[in-house]
Amino acid sequence: QQQVKQSPQSLIVQKGGISIINCAYENTAFDYFPWYQQFPGKGPALLIAIRPDVSEKKEGRFTISFNKSAKQFSLHIMDSQPGDSATYFCAASKSARQLTFGSGTQLTVLP
Amino acid sequence: DGGITQSPKYLFRKEGQNVTLSCEQNLNHDAMYWYRQDPGQGLRLIYYSQIVNDFQKGDIAEGYSVSREKKESFPLTVTSAQKNPTAFYLCASSIHEKETQYFGPGTRLLVL
């Protein structure tokens, strides 16, 4: 089974700080890497996604950095806010089908 | 108001009982998916369907069954063969299988 390894399991950041979550994958055929945000009792919502033809994608305070040679990608949340407190999942797939999810990171942003 | 709806929000199952979780979408999406989420774990794919009257097993299909008789509906049955059914079940859909998946609000299944 293809795996996506996500770290850390939990993260505590002060308001205004930078939150960084990392993921590593094994299958070199993966070509789609989304990040999902999930609040308690809710379904995950797509946050941002990247394909391996670029090394970085930014949307507002959220940035994905992608390192194809290392088979790693990460989510950076700039100026973290208490409202960002949620569980974040990375995922990977080939052509956006059959997503393989990481185990999740519970982010807490302290006011 | 377009989106994916799941019902019920909470569902209780007795020993030996089959229960069915509902998933409906009005987004005109072709592909639909069922995932299971356990505490502290990522989502695991149970079944997926690319078109009406067709579906494939995911990574953890044992003890579950699905049907896809209508494009907008993809119900999941948790059978008595699923010995550890307590989990949060999430339905998702995408325009077709190669596009971004959008998730419903989930159903939490508990065993009495």
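Below, chain A is the first sequence line, B the second, and so on; all start at residue 1.
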What are the two closest non-hydrogen atoms of A/Pro44 and B/Leu43, and how far apart are they?
-> CG-CD2, 4.1 Å
Closest non-hydrogen atoms of A/Lys42 and B/Phe88, given as atom of the first, atom of the second and distance, are O-CE2, 3.6 Å
Going hydrophobic residue to hydrophobic residue with side-chain gaps under 4.5 angstrom, can you get from A/Phe33 over to A/Leu75?
-> yes
Stepwise side-chain contact (heavy atoms from CB on, under 4.5 Å) check, B/Tyr35 with A/Leu99 | CA-CA 10 Å; B/Tyr35 291 89; A/Leu99 290 170; 3.9 Å; yes
Above 12 or not: heavy atoms from other molecules or residues under 6.0 Å from CZ of B/Phe103?
-> yes
Does A/Tyr32 reach the side chain of B/Thr100, with side-chain heavy atoms less than 4.5 Å apart?
-> yes
Hydrophobic cluster identity match, A/Val4 and A/Leu107, side-chain contacts under 4.5 Å = yes
State whether the number of non-hydrogen atoms from other residues, nucleotides or ligands found under 6.0 Å of B/Glu69 atom CD is greater than 12.
-> no
Contact origin within B/Gln37 toward chain A - heavy atom pairs under 4.5 Å = side chain
Does B/Gln41 CD have over 12 foreign heavy atoms under 6.0 Å away?
-> yes
Shared hydrophobic cluster for B/Leu21 and B/Ile60 (ILVMFWY, side-chain gaps under 4.5 Å) | yes
On a heavy-atom basis, the closest approach of B/Gln101 and A/Tyr36 is O-OH, 2.8 Å
Could you tell me which of A/Gln9, A/Gln106, A/Gln38 has the largest number of non-hydrogen atom pairs under 4.5 Å with chain B?
-> A/Gln38
